[in-house]
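See below for the structure under consideration.
Heavy-atom basis, side chains included; hydrogens, waters and symmetry copies ignored.
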Amino acid sequence: MLFACFIPFLLFLKGKPMQEVEDVLEDGRRFFSLNLITAGHGALHYASLFMFDWLAKRYNVLEKRNQVPKHIQFWFKLYYWMFMTGGCLFFGAGVLSHFAE
């Protein structure tokens, strides 16, 4: 059921929020907002840049990411945690059902 929330949420992120993030972090290059598949990858990528300093430093966007508004960062982080929680629940249920046999 949690996966049913991913597509509408991703469509929301693919619009204005992802374009604003790309304007700041990618200097206006639009790669992740091209289609739904790249938007999914981009949403997880940008969320990890907002959460982890070492990764932002690796991509040389440590200073730039502070220019992205906090409410947009929140939406990307929320999508990341929803995706990871849904993945853990999905695969965890499979592992539990395998061992329950």
Report summary line: Here the gap from M82 atom CE to L10 atom CG, rounded to the nearest 0.5 Å, amounts to 10.5 Å
Query raised in the report: When rounded to the nearest 0.5 angstrom, what is the spacing between NZ in K77 and NZ in K70?
Result: 6.5 Å
Query raised in the report: Rounded to the nearest 0.5 Å, what separation is found between the CG atom of L44 and the CG atom of L49?
Result: 11.0 Å
**Report entry** Separation of Y79 OH from M84 CE (nearest 0.5 Å)
**Finding:** 9.5 Å
Query - Residue F12 excluded, over 12 heavy atoms near CZ under 6.0 Å - result: yes
Query raised in the report: Looking only at atom types and distance, does a side-chain atom of Q73 sit under 3.5 Å from a main-chain N or O of R65, one as donor and one as acceptor?
Result: yes
**Report entry** Parallel, tilted or perpendicular, as decided by the 30° and 60° cut-offs, for the rings of F9 and W75
**Finding:** perpendicular
Requested in this report: Check the hydrophobic clustering (I, L, V, M, F, W, Y; side-chain heavy atoms under 4.5 Å; chains of links allowed) and say if F50 and L62 are grouped together.
Outcome: no
Report summary line: Minimal heavy-atom distance between G42 and M18, with the atoms involved, is C-CE, 4.2 Å
**Report entry** Backbone of R30 reached by a side-chain donor or acceptor of S33 within 3.5 Å
**Finding:** no
Report task. Start with the C-alpha distance between V61 and E26, add both sets of side-chain angles, then the distance that settles side chain to side chain contact (heavy atoms under 4.5 Å, CB included), and finish with yes or no. Result -> CA-CA 9 Å; V61 293; E26 304 289 341; over 6 Å; no
Query raised in the report: Does T38 use its side chain to pair, donor to acceptor, with the backbone of N35 at less than 3.5 Å?
Result: yes
Requested in this report: To the nearest 0.5 Å, tell me how far Y46 OH sits from Y59 OH.
Outcome: 10.5 Å
Query raised in the report: Are L25 and W54 connected in the hydrophobic side-chain network, where two residues link if heavy atoms are under 4.5 Å apart?
Result: yes
Query raised in the report: Which word best sums up how the rings of H45 and F32 line up, parallel for under 30°, tilted for 30 to 60°, or perpendicular for over 60°?
Result: tilted
Query raised in the report: Quick one: CG on L36 to CZ on F6, what's the gap to the nearest 0.5 Å?
Result: 13.0 Å
